[in-house]
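This structure is a prediction, so every number in the text was calculated from the model and none was measured. Computed from heavy atoms alone, side chains included, the values below leave out hydrogens, waters and symmetry copies. Atoms within each ligand, like the ligands themselves, are counted from 1 in listed order.
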Amino acid sequence: MSLRGSVREPARDTPVIAETEVLVLGGGPAGIAAAASAAAAGRQTMLIERYGFLGGMGTAAGVTNFCGLHANVHGEIRRVVHGITDELLARMAALDGLNEPHLIFGKTAAQAYDVAAYKCAADALLLSRGVRLLFHATAVAAAMRDERCIDALLVETRSGRGAIRARQFIDASGDGDLAAWAGAPWEKGDAQGQLLYPTLMFRVGHVDNDRAGEAWRDVEARMDDARQRGTHSFPRKGAILRPMKHDGEWRVNVTQLAHASGRAVDGTDGEEISAAEVEGRRQVLAFFDFLRDCMPGFEAAYLLDIAPQVGIRETRRISGHCQLTADDVLGCASFDDSIGVNGWPLEQHVAGDVKWSWPPIPQSRGFNQLPWRMLLPQRVNNLLVAGRCASMSSAAQSAARVSGGCFVMGQAAGFGAALALDGGVVPADIRPPALQALLEQHGAWLGRDVP
Ligand SMILES: Cc1cc2nc3c(=O)[nH]c(=O)nc-3n(C[C@H](O)[C@H](O)[C@H](O)COP(=O)(O)OP(=O)(O)OC[C@H]3O[C@@H](n4cnc5c(N)ncnc54)[C@H](O)[C@@H]3O)c2cc1C
(Lines give C-alpha, C1' and ligand atoms only; values in the text may rest on other atoms or scores of the structure.)
Protein backbone atom coordinates (compact mmCIF):
# COMPACT_ATOMS: atom_id res chain seq x y z
CA MET A 1 0.00 0.00 0.00
CA SER A 2 1.52 3.35 -0.94
CA LEU A 3 1.05 6.20 1.51
CA ARG A 4 -0.15 9.45 0.02
CA GLY A 5 -1.29 12.86 1.11
CA SER A 6 -1.95 14.22 4.54
CA VAL A 7 -4.85 14.59 6.92
CA ARG A 8 -5.93 18.07 8.03
CA GLU A 9 -6.52 18.22 11.76
CA PRO A 10 -9.21 20.66 12.84
CA ALA A 11 -7.91 23.86 14.44
CA ARG A 12 -8.62 23.96 18.15
CA ASP A 13 -8.17 26.07 21.25
CA THR A 14 -5.95 24.36 23.76
CA PRO A 15 -6.65 25.07 27.42
CA VAL A 16 -3.90 26.53 29.59
CA ILE A 17 -3.53 23.85 32.26
CA ALA A 18 -0.74 25.47 34.28
CA GLU A 19 1.40 28.58 34.60
CA THR A 20 4.77 28.76 36.22
CA GLU A 21 7.88 30.92 36.31
CA VAL A 22 10.35 28.25 35.18
CA LEU A 23 9.31 25.25 33.11
CA VAL A 24 11.75 22.36 32.73
CA LEU A 25 11.20 19.82 29.96
CA GLY A 26 12.66 16.42 30.85
CA GLY A 27 13.49 14.67 34.11
CA GLY A 28 16.97 13.28 33.39
CA PRO A 29 20.06 14.42 35.31
CA ALA A 30 20.02 17.82 33.59
CA GLY A 31 16.29 18.35 34.24
CA ILE A 32 16.48 17.18 37.86
CA ALA A 33 19.35 19.57 38.62
CA ALA A 34 17.70 22.41 36.69
CA ALA A 35 14.37 22.12 38.48
CA ALA A 36 15.97 21.68 41.92
CA SER A 37 18.15 24.77 41.37
CA ALA A 38 15.48 27.07 39.97
CA ALA A 39 13.27 26.17 42.92
CA ALA A 40 16.16 26.53 45.40
CA ALA A 41 16.58 30.07 44.08
CA GLY A 42 12.97 30.76 45.05
CA ARG A 43 11.31 30.46 41.66
CA GLN A 44 8.04 28.66 41.03
CA THR A 45 9.15 25.64 39.01
CA MET A 46 7.43 22.85 37.13
CA LEU A 47 8.94 19.79 35.45
CA ILE A 48 7.35 17.85 32.58
CA GLU A 49 8.28 14.20 32.01
CA ARG A 50 6.81 11.65 29.62
CA TYR A 51 7.49 8.72 31.93
CA GLY A 52 6.09 8.25 35.44
CA PHE A 53 9.50 8.70 37.08
CA LEU A 54 12.68 10.79 37.00
CA GLY A 55 16.22 9.85 36.00
CA GLY A 56 16.08 10.00 32.20
CA MET A 57 18.49 7.59 30.54
CA GLY A 58 19.80 6.87 34.05
CA THR A 59 16.59 5.01 34.91
CA ALA A 60 14.51 4.64 31.73
CA ALA A 61 17.48 3.27 29.80
CA GLY A 62 18.91 1.31 32.74
CA VAL A 63 22.28 3.14 32.78
CA THR A 64 22.61 2.51 36.57
CA ASN A 65 26.02 4.11 36.81
CA PHE A 66 27.22 7.70 37.34
CA CYS A 67 30.18 8.77 35.24
CA GLY A 68 31.75 12.20 35.25
CA LEU A 69 31.33 12.84 38.99
CA HIS A 70 35.08 12.30 39.40
CA ALA A 71 38.26 13.43 37.67
CA ASN A 72 41.90 12.51 37.90
CA VAL A 73 43.35 15.78 39.17
CA HIS A 74 47.13 15.54 38.74
CA GLY A 75 47.09 11.88 39.77
CA GLU A 76 44.47 12.10 42.51
CA ILE A 77 40.96 10.79 41.76
CA ARG A 78 38.53 13.33 43.23
CA ARG A 79 34.79 14.08 43.22
CA VAL A 80 34.55 17.24 41.14
CA VAL A 81 30.78 17.64 40.72
CA HIS A 82 29.09 19.23 43.72
CA GLY A 83 26.02 21.21 44.70
CA ILE A 84 22.57 19.70 44.09
CA THR A 85 24.28 16.41 43.19
CA ASP A 86 25.62 16.05 46.75
CA GLU A 87 22.08 16.01 48.09
CA LEU A 88 20.84 13.59 45.43
CA LEU A 89 23.68 11.15 46.13
CA ALA A 90 23.14 11.42 49.91
CA ARG A 91 19.47 10.58 49.43
CA MET A 92 20.36 7.58 47.23
CA ALA A 93 22.94 6.36 49.75
CA ALA A 94 20.35 6.63 52.54
CA LEU A 95 18.17 4.25 50.50
CA ASP A 96 21.13 1.84 50.32
CA GLY A 97 21.13 2.26 46.56
CA LEU A 98 24.58 3.67 45.86
CA ASN A 99 27.71 1.59 45.30
CA GLU A 100 31.21 2.68 46.27
CA PRO A 101 33.03 4.35 43.34
CA HIS A 102 34.99 1.90 41.17
CA LEU A 103 38.05 2.53 39.01
CA ILE A 104 37.79 3.10 35.26
CA PHE A 105 41.01 1.96 33.51
CA GLY A 106 42.82 3.02 36.69
CA LYS A 107 42.37 6.62 35.55
CA THR A 108 39.12 7.84 37.08
CA ALA A 109 36.07 6.53 38.94
CA ALA A 110 32.40 5.84 38.28
CA GLN A 111 29.66 4.93 40.74
CA ALA A 112 26.89 2.37 40.22
CA TYR A 113 23.41 2.79 41.70
CA ASP A 114 20.01 1.13 41.89
CA VAL A 115 17.27 2.41 39.57
CA ALA A 116 14.64 2.41 42.33
CA ALA A 117 16.84 4.48 44.65
CA TYR A 118 17.51 7.04 41.90
CA LYS A 119 13.79 7.39 41.12
CA CYS A 120 12.78 7.81 44.77
CA ALA A 121 15.66 10.10 45.74
CA ALA A 122 14.99 12.37 42.76
CA ASP A 123 11.26 12.60 43.63
CA ALA A 124 12.11 13.48 47.22
CA LEU A 125 14.73 16.05 46.22
CA LEU A 126 12.40 17.92 43.88
CA LEU A 127 9.38 17.72 46.17
CA SER A 128 11.48 19.02 49.07
CA ARG A 129 12.20 22.12 46.98
CA GLY A 130 8.54 22.57 46.04
CA VAL A 131 8.90 21.64 42.36
CA ARG A 132 5.61 20.73 40.71
CA LEU A 133 5.95 17.46 38.79
CA LEU A 134 3.78 16.50 35.84
CA PHE A 135 4.41 12.91 34.82
CA HIS A 136 2.97 11.03 31.86
CA ALA A 137 3.05 14.30 29.96
CA THR A 138 4.67 14.29 26.52
CA ALA A 139 5.61 17.68 25.15
CA VAL A 140 4.62 17.96 21.49
CA ALA A 141 5.09 21.57 20.38
CA ALA A 142 5.90 25.13 21.40
CA ALA A 143 3.52 28.09 21.11
CA MET A 144 5.53 31.24 20.41
CA ARG A 145 4.74 34.75 21.66
CA ASP A 146 6.92 36.07 18.84
CA GLU A 147 9.73 34.49 16.88
CA ARG A 148 12.23 34.89 19.71
CA CYS A 149 10.07 34.19 22.74
CA ILE A 150 8.28 30.98 23.79
CA ASP A 151 4.82 31.51 25.25
CA ALA A 152 3.82 27.96 26.20
CA LEU A 153 4.77 24.32 25.92
CA LEU A 154 2.05 22.10 24.48
CA VAL A 155 1.73 18.73 26.16
CA GLU A 156 -0.33 15.58 25.75
CA THR A 157 -1.26 14.25 29.19
CA ARG A 158 -3.48 11.42 30.40
CA SER A 159 -6.24 14.06 30.61
CA GLY A 160 -5.70 15.36 27.10
CA ARG A 161 -3.82 18.18 25.46
CA GLY A 162 -2.89 21.33 27.34
CA ALA A 163 -0.66 24.38 27.24
CA ILE A 164 1.72 25.29 30.05
CA ARG A 165 2.80 28.91 30.18
CA ALA A 166 6.10 30.01 31.66
CA ARG A 167 8.48 32.96 31.66
CA GLN A 168 11.67 30.93 31.33
CA PHE A 169 12.00 27.51 29.70
CA ILE A 170 14.74 24.92 30.14
CA ASP A 171 15.06 22.22 27.49
CA ALA A 172 16.49 19.16 29.25
CA SER A 173 14.80 16.71 26.89
CA GLY A 174 18.11 15.17 25.79
CA ASP A 175 16.96 15.50 22.18
CA GLY A 176 16.59 19.29 22.10
CA ASP A 177 12.88 18.91 21.28
CA LEU A 178 11.81 22.29 22.60
CA ALA A 179 14.79 24.13 21.11
CA ALA A 180 13.98 22.64 17.70
CA TRP A 181 10.25 23.52 17.90
CA ALA A 182 11.09 27.06 18.97
CA GLY A 183 13.38 27.56 15.98
CA ALA A 184 16.80 27.47 17.65
CA PRO A 185 19.51 26.17 15.28
CA TRP A 186 20.84 22.68 16.03
CA GLU A 187 23.01 19.96 14.49
CA LYS A 188 22.98 16.20 14.55
CA GLY A 189 25.99 13.87 14.25
CA ASP A 190 29.61 14.43 13.28
CA ALA A 191 30.91 15.78 9.94
CA GLN A 192 29.62 12.58 8.26
CA GLY A 193 26.28 12.80 10.08
CA GLN A 194 27.24 9.78 12.21
CA LEU A 195 25.75 9.59 15.73
CA LEU A 196 27.03 7.64 18.72
CA TYR A 197 25.50 4.15 18.59
CA PRO A 198 22.65 3.47 21.04
CA THR A 199 22.66 0.54 23.47
CA LEU A 200 19.88 -1.41 25.17
CA MET A 201 21.09 -2.05 28.74
CA PHE A 202 20.25 -5.07 30.87
CA ARG A 203 20.98 -6.54 34.27
CA VAL A 204 21.31 -10.15 35.40
CA GLY A 205 20.71 -11.61 38.85
CA HIS A 206 21.83 -14.68 40.78
CA VAL A 207 25.47 -14.41 39.73
CA ASP A 208 27.92 -16.22 42.01
CA ASN A 209 30.05 -13.18 42.86
CA ASP A 210 32.90 -15.24 44.34
CA ARG A 211 33.29 -17.27 41.18
CA ALA A 212 32.68 -14.30 38.88
CA GLY A 213 35.49 -12.42 40.66
CA GLU A 214 36.75 -9.56 38.52
CA ALA A 215 34.86 -10.77 35.45
CA TRP A 216 35.02 -7.29 33.93
CA ARG A 217 38.72 -7.84 33.33
CA ASP A 218 38.51 -11.00 31.24
CA VAL A 219 35.13 -10.65 29.54
CA GLU A 220 36.71 -9.24 26.39
CA ALA A 221 39.24 -12.09 26.10
CA ARG A 222 36.47 -14.65 26.59
CA MET A 223 34.36 -12.91 23.94
CA ASP A 224 37.30 -12.98 21.52
CA ASP A 225 37.77 -16.66 22.22
CA ALA A 226 34.08 -17.46 21.66
CA ARG A 227 34.10 -15.42 18.45
CA GLN A 228 37.14 -17.31 17.16
CA ARG A 229 35.59 -20.66 18.04
CA GLY A 230 32.48 -19.53 16.19
CA THR A 231 30.16 -20.29 19.12
CA HIS A 232 28.96 -16.73 19.65
CA SER A 233 28.98 -13.43 17.79
CA PHE A 234 28.87 -9.92 19.23
CA PRO A 235 27.72 -6.48 18.11
CA ARG A 236 30.88 -4.79 19.36
CA LYS A 237 34.33 -5.50 20.71
CA GLY A 238 34.32 -6.02 24.48
CA ALA A 239 31.55 -5.32 26.99
CA ILE A 240 31.06 -3.38 30.20
CA LEU A 241 30.14 -6.02 32.76
CA ARG A 242 30.04 -4.70 36.33
CA PRO A 243 28.70 -5.79 39.73
CA MET A 244 25.95 -3.67 41.26
CA LYS A 245 25.59 -2.87 44.95
CA HIS A 246 23.66 -5.97 45.92
CA ASP A 247 25.11 -9.45 45.81
CA GLY A 248 24.60 -11.40 42.60
CA GLU A 249 23.40 -8.46 40.47
CA TRP A 250 25.45 -7.28 37.46
CA ARG A 251 24.80 -4.78 34.69
CA VAL A 252 25.69 -5.34 31.07
CA ASN A 253 26.45 -2.71 28.46
CA VAL A 254 27.20 -4.50 25.20
CA THR A 255 24.46 -4.17 22.59
CA GLN A 256 24.95 -1.79 19.69
CA LEU A 257 22.05 -0.70 17.53
CA ALA A 258 22.52 0.07 13.87
CA HIS A 259 20.24 0.98 11.01
CA ALA A 260 20.16 -1.51 8.11
CA SER A 261 22.77 0.69 6.37
CA GLY A 262 25.19 0.14 9.25
CA ARG A 263 25.05 3.69 10.61
CA ALA A 264 23.84 4.36 14.14
CA VAL A 265 20.10 4.29 14.86
CA ASP A 266 18.68 7.82 15.13
CA GLY A 267 16.73 8.21 18.38
CA THR A 268 14.53 10.91 16.83
CA ASP A 269 13.26 8.57 14.09
CA GLY A 270 10.11 6.73 15.17
CA GLU A 271 10.54 3.67 12.93
CA GLU A 272 14.24 3.31 13.67
CA ILE A 273 13.94 3.46 17.42
CA SER A 274 11.03 1.03 17.37
CA ALA A 275 13.02 -1.51 15.36
CA ALA A 276 16.01 -0.91 17.68
CA GLU A 277 13.99 -2.03 20.71
CA VAL A 278 13.31 -5.42 19.10
CA GLU A 279 16.87 -5.84 17.81
CA GLY A 280 18.20 -4.74 21.21
CA ARG A 281 16.26 -7.49 22.99
CA ARG A 282 17.54 -10.02 20.42
CA GLN A 283 21.13 -8.97 21.17
CA VAL A 284 20.45 -9.09 24.93
CA LEU A 285 19.27 -12.71 24.71
CA ALA A 286 22.26 -13.68 22.56
CA PHE A 287 24.72 -12.12 25.05
CA PHE A 288 22.89 -13.66 27.99
CA ASP A 289 23.55 -17.08 26.39
CA PHE A 290 27.24 -16.20 26.13
CA LEU A 291 27.36 -15.17 29.81
CA ARG A 292 25.86 -18.44 30.97
CA ASP A 293 27.95 -20.54 28.56
CA CYS A 294 31.33 -18.87 28.94
CA MET A 295 31.63 -16.70 32.07
CA PRO A 296 32.42 -18.46 35.38
CA GLY A 297 29.88 -17.51 38.05
CA PHE A 298 27.16 -16.66 35.53
CA GLU A 299 26.00 -20.22 34.82
CA ALA A 300 22.79 -19.90 36.92
CA ALA A 301 22.16 -16.20 36.27
CA TYR A 302 18.73 -15.01 35.21
CA LEU A 303 17.62 -11.97 33.24
CA LEU A 304 16.68 -9.54 35.98
CA ASP A 305 15.73 -6.58 33.82
CA ILE A 306 15.87 -5.24 30.29
CA ALA A 307 15.69 -1.44 30.37
CA PRO A 308 12.31 0.09 29.46
CA GLN A 309 13.84 1.85 26.47
CA VAL A 310 16.88 1.77 24.21
CA GLY A 311 19.55 4.07 25.58
CA ILE A 312 20.12 7.05 23.30
CA ARG A 313 23.51 8.74 23.60
CA GLU A 314 23.27 11.49 21.02
CA THR A 315 20.70 13.18 18.78
CA ARG A 316 20.25 16.94 18.35
CA ARG A 317 22.77 19.35 19.86
CA ILE A 318 21.99 23.06 19.75
CA SER A 319 24.38 25.50 18.09
CA GLY A 320 24.71 27.85 21.04
CA HIS A 321 26.68 30.96 21.89
CA CYS A 322 29.76 28.77 22.44
CA GLN A 323 30.38 25.20 21.34
CA LEU A 324 32.44 22.91 23.59
CA THR A 325 35.00 21.05 21.44
CA ALA A 326 37.08 17.87 21.70
CA ASP A 327 40.18 20.08 22.04
CA ASP A 328 38.57 21.73 25.07
CA VAL A 329 38.08 18.31 26.68
CA LEU A 330 41.52 16.92 25.80
CA GLY A 331 43.26 20.22 26.56
CA CYS A 332 41.45 20.75 29.91
CA ALA A 333 40.16 24.15 28.78
CA SER A 334 39.26 26.99 31.14
CA PHE A 335 36.45 29.49 30.55
CA ASP A 336 35.82 32.82 32.27
CA ASP A 337 32.15 31.87 32.52
CA SER A 338 32.78 28.40 34.03
CA ILE A 339 29.69 26.78 35.56
CA GLY A 340 31.47 23.61 36.73
CA VAL A 341 33.62 20.89 35.26
CA ASN A 342 33.70 17.75 33.13
CA GLY A 343 36.27 15.13 34.07
CA TRP A 344 35.11 12.38 31.72
CA PRO A 345 37.14 11.56 28.58
CA LEU A 346 35.84 11.28 25.02
CA GLU A 347 33.90 7.99 24.92
CA GLN A 348 32.92 7.44 21.31
CA HIS A 349 30.61 4.55 20.56
CA VAL A 350 31.66 3.91 16.97
CA ALA A 351 30.77 0.98 14.69
CA GLY A 352 31.72 -2.23 16.49
CA ASP A 353 33.80 -0.55 19.20
CA VAL A 354 34.15 2.13 21.89
CA LYS A 355 37.01 4.62 21.37
CA TRP A 356 38.40 6.33 24.50
CA SER A 357 40.54 9.51 24.38
CA TRP A 358 41.87 11.03 27.61
CA PRO A 359 43.57 14.27 28.50
CA PRO A 360 47.16 13.57 29.59
CA ILE A 361 46.90 11.94 33.03
CA PRO A 362 48.45 12.70 35.51
CA GLN A 363 50.35 15.55 33.80
CA SER A 364 47.17 17.61 33.25
CA ARG A 365 44.52 18.59 35.79
CA GLY A 366 42.23 16.01 34.13
CA PHE A 367 39.11 18.12 33.68
CA ASN A 368 37.80 20.96 31.52
CA GLN A 369 35.50 23.72 32.63
CA LEU A 370 32.05 24.00 31.06
CA PRO A 371 31.07 27.48 29.84
CA TRP A 372 27.72 29.10 30.64
CA ARG A 373 27.42 30.06 26.97
CA MET A 374 27.02 26.40 25.88
CA LEU A 375 23.52 26.52 27.42
CA LEU A 376 22.44 29.60 25.44
CA PRO A 377 20.69 28.84 22.15
CA GLN A 378 20.76 31.19 19.21
CA ARG A 379 17.55 33.02 18.24
CA VAL A 380 15.33 32.09 21.20
CA ASN A 381 15.59 34.43 24.17
CA ASN A 382 13.72 32.79 27.06
CA LEU A 383 15.23 29.33 26.66
CA LEU A 384 18.21 27.51 28.15
CA VAL A 385 19.32 24.08 26.92
CA ALA A 386 21.06 21.72 29.34
CA GLY A 387 22.32 18.14 29.17
CA ARG A 388 23.30 16.00 26.22
CA CYS A 389 21.61 18.37 23.75
CA ALA A 390 23.60 21.47 24.85
CA SER A 391 26.07 23.15 22.50
CA MET A 392 28.98 20.76 21.99
CA SER A 393 30.70 19.25 18.99
CA SER A 394 29.77 15.62 18.45
CA ALA A 395 33.12 14.47 19.88
CA ALA A 396 32.95 16.76 22.95
CA GLN A 397 29.39 15.54 23.55
CA SER A 398 30.75 11.99 23.87
CA ALA A 399 32.43 13.23 27.10
CA ALA A 400 30.23 15.89 28.69
CA ARG A 401 26.97 13.99 27.97
CA VAL A 402 27.55 11.67 30.96
CA SER A 403 25.62 12.27 34.17
CA GLY A 404 28.25 14.45 35.89
CA GLY A 405 28.33 17.01 33.08
CA CYS A 406 24.54 16.96 32.80
CA PHE A 407 24.13 17.68 36.53
CA VAL A 408 26.54 20.62 36.17
CA MET A 409 24.71 22.05 33.15
CA GLY A 410 21.26 21.56 34.68
CA GLN A 411 22.28 23.23 37.94
CA ALA A 412 23.58 26.28 36.08
CA ALA A 413 20.49 26.45 33.87
CA GLY A 414 18.19 26.46 36.91
CA PHE A 415 20.09 29.18 38.75
CA GLY A 416 20.61 31.09 35.50
CA ALA A 417 16.88 31.11 34.73
CA ALA A 418 16.17 32.35 38.26
CA LEU A 419 18.76 35.14 37.94
CA ALA A 420 17.26 36.23 34.63
CA LEU A 421 13.85 36.52 36.29
CA ASP A 422 15.34 38.40 39.24
CA GLY A 423 16.96 40.93 36.93
CA GLY A 424 14.13 41.15 34.41
CA VAL A 425 16.59 40.23 31.64
CA VAL A 426 17.03 37.37 29.20
CA PRO A 427 19.47 34.61 30.27
CA ALA A 428 22.06 35.77 27.70
CA ASP A 429 22.25 39.09 29.59
CA ILE A 430 22.86 37.84 33.10
CA ARG A 431 26.34 38.51 34.46
CA PRO A 432 28.37 35.26 34.71
CA PRO A 433 30.07 36.39 37.97
CA ALA A 434 26.63 36.71 39.60
CA LEU A 435 25.74 33.19 38.42
CA GLN A 436 29.08 31.83 39.60
CA ALA A 437 28.59 33.39 43.04
CA LEU A 438 25.13 31.82 43.31
CA LEU A 439 26.43 28.42 42.20
CA GLU A 440 29.24 28.51 44.75
CA GLN A 441 26.84 29.64 47.45
CA HIS A 442 24.89 26.44 46.72
CA GLY A 443 27.98 24.24 46.93
CA ALA A 444 29.02 23.97 43.26
CA TRP A 445 32.70 23.59 42.39
CA LEU A 446 33.73 25.59 39.33
CA GLY A 447 37.26 24.23 39.00
CA ARG A 448 38.87 27.65 39.33
CA ASP A 449 41.35 26.85 42.10
CA VAL A 450 43.29 24.19 40.09
CA PRO A 451 45.38 25.78 37.32
C1 LIG B 1 23.38 2.99 26.97
C2 LIG B 1 23.91 4.19 27.67
C3 LIG B 1 24.87 4.01 28.65
C4 LIG B 1 25.34 5.11 29.34
N5 LIG B 1 26.23 4.91 30.35
C6 LIG B 1 26.49 5.93 31.19
C7 LIG B 1 27.18 5.70 32.41
O8 LIG B 1 27.62 4.60 32.70
N9 LIG B 1 27.31 6.76 33.24
C10 LIG B 1 26.84 8.01 32.94
O11 LIG B 1 26.97 8.93 33.75
N12 LIG B 1 26.22 8.26 31.78
C13 LIG B 1 26.02 7.25 30.92
N14 LIG B 1 25.31 7.47 29.78
C15 LIG B 1 24.96 8.86 29.42
C16 LIG B 1 23.86 9.47 30.24
O17 LIG B 1 23.00 8.53 30.80
C18 LIG B 1 23.02 10.44 29.41
O19 LIG B 1 23.79 11.13 28.50
C20 LIG B 1 22.34 11.42 30.37
O21 LIG B 1 21.32 10.71 31.05
C22 LIG B 1 21.74 12.58 29.61
O23 LIG B 1 21.03 13.36 30.51
P24 LIG B 1 19.95 14.43 30.04
O25 LIG B 1 19.30 14.91 31.28
O26 LIG B 1 20.60 15.38 29.12
O27 LIG B 1 18.92 13.61 29.14
P28 LIG B 1 18.14 12.25 29.38
O29 LIG B 1 18.78 11.43 30.42
O30 LIG B 1 17.98 11.67 28.02
O31 LIG B 1 16.75 12.73 29.95
C32 LIG B 1 15.81 13.39 29.16
C33 LIG B 1 14.44 13.22 29.80
O34 LIG B 1 13.49 13.99 29.08
C35 LIG B 1 12.31 13.22 28.84
N36 LIG B 1 11.75 13.71 27.57
C37 LIG B 1 12.38 13.79 26.38
N38 LIG B 1 11.55 14.31 25.45
C39 LIG B 1 10.38 14.55 26.08
C40 LIG B 1 9.13 15.08 25.63
N41 LIG B 1 8.95 15.48 24.37
N42 LIG B 1 8.13 15.19 26.54
C43 LIG B 1 8.31 14.80 27.82
N44 LIG B 1 9.48 14.29 28.30
C45 LIG B 1 10.49 14.18 27.42
C46 LIG B 1 12.83 11.81 28.72
O47 LIG B 1 11.80 10.87 29.01
C48 LIG B 1 13.95 11.79 29.77
O49 LIG B 1 13.47 11.44 31.05
C50 LIG B 1 24.86 6.40 29.03
C51 LIG B 1 23.91 6.58 28.04
C52 LIG B 1 23.44 5.49 27.36
C53 LIG B 1 22.40 5.70 26.32
Parallel, tilted or perpendicular, as decided by the 30° and 60° cut-offs, for the rings of His442 and Phe415: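 Tilted, since the angle between the ring planes falls between 30° and 60°.
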Distance-minimising heavy-atom pair for Ala396 and Thr325: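 Looking at all heavy atoms of both residues, the closest pair is CB-C, 3.4 Å.
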Non-hydrogen side-chain atoms of Val81 and Asp86 separated by less than 4.5 Å: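 Val81 vs Asp86: side chains apart.
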Shell of residues surrounding ligand 1, defined by a 4.0 angstrom heavy-atom cut-off that is strict: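 These residues qualify: Leu25, Gly26, Gly27, Gly28, Pro29, Ala30, Glu49, Arg50, Tyr51, Gly56, Met57, Val63, Asn65, Phe66, Cys67, Ala137, Thr138, Ala139, Ala172, Ser173, Gly174, Asp177, Thr199, Met201, Asn253, Gly311, Ile312, Arg313, Gly387, Arg388, Arg401, Val402, Ser403, Cys406.
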Side chains of Asp289 and His232, donor plus acceptor under 3.5 Å: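 Looking only at side-chain atoms, His232 and Asp289 do not form any donor-acceptor pair under 3.5 Å.
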Salt bridge flag under 4.0 Å for residues Lys237 and Asp353: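 Salt bridge absent between Lys237 and Asp353.
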Check: Phe53 ring centre within less than 6.0 Å of Phe135 ring centre: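 Centroid separation for Phe53 and Phe135: 6.0 Å or greater.
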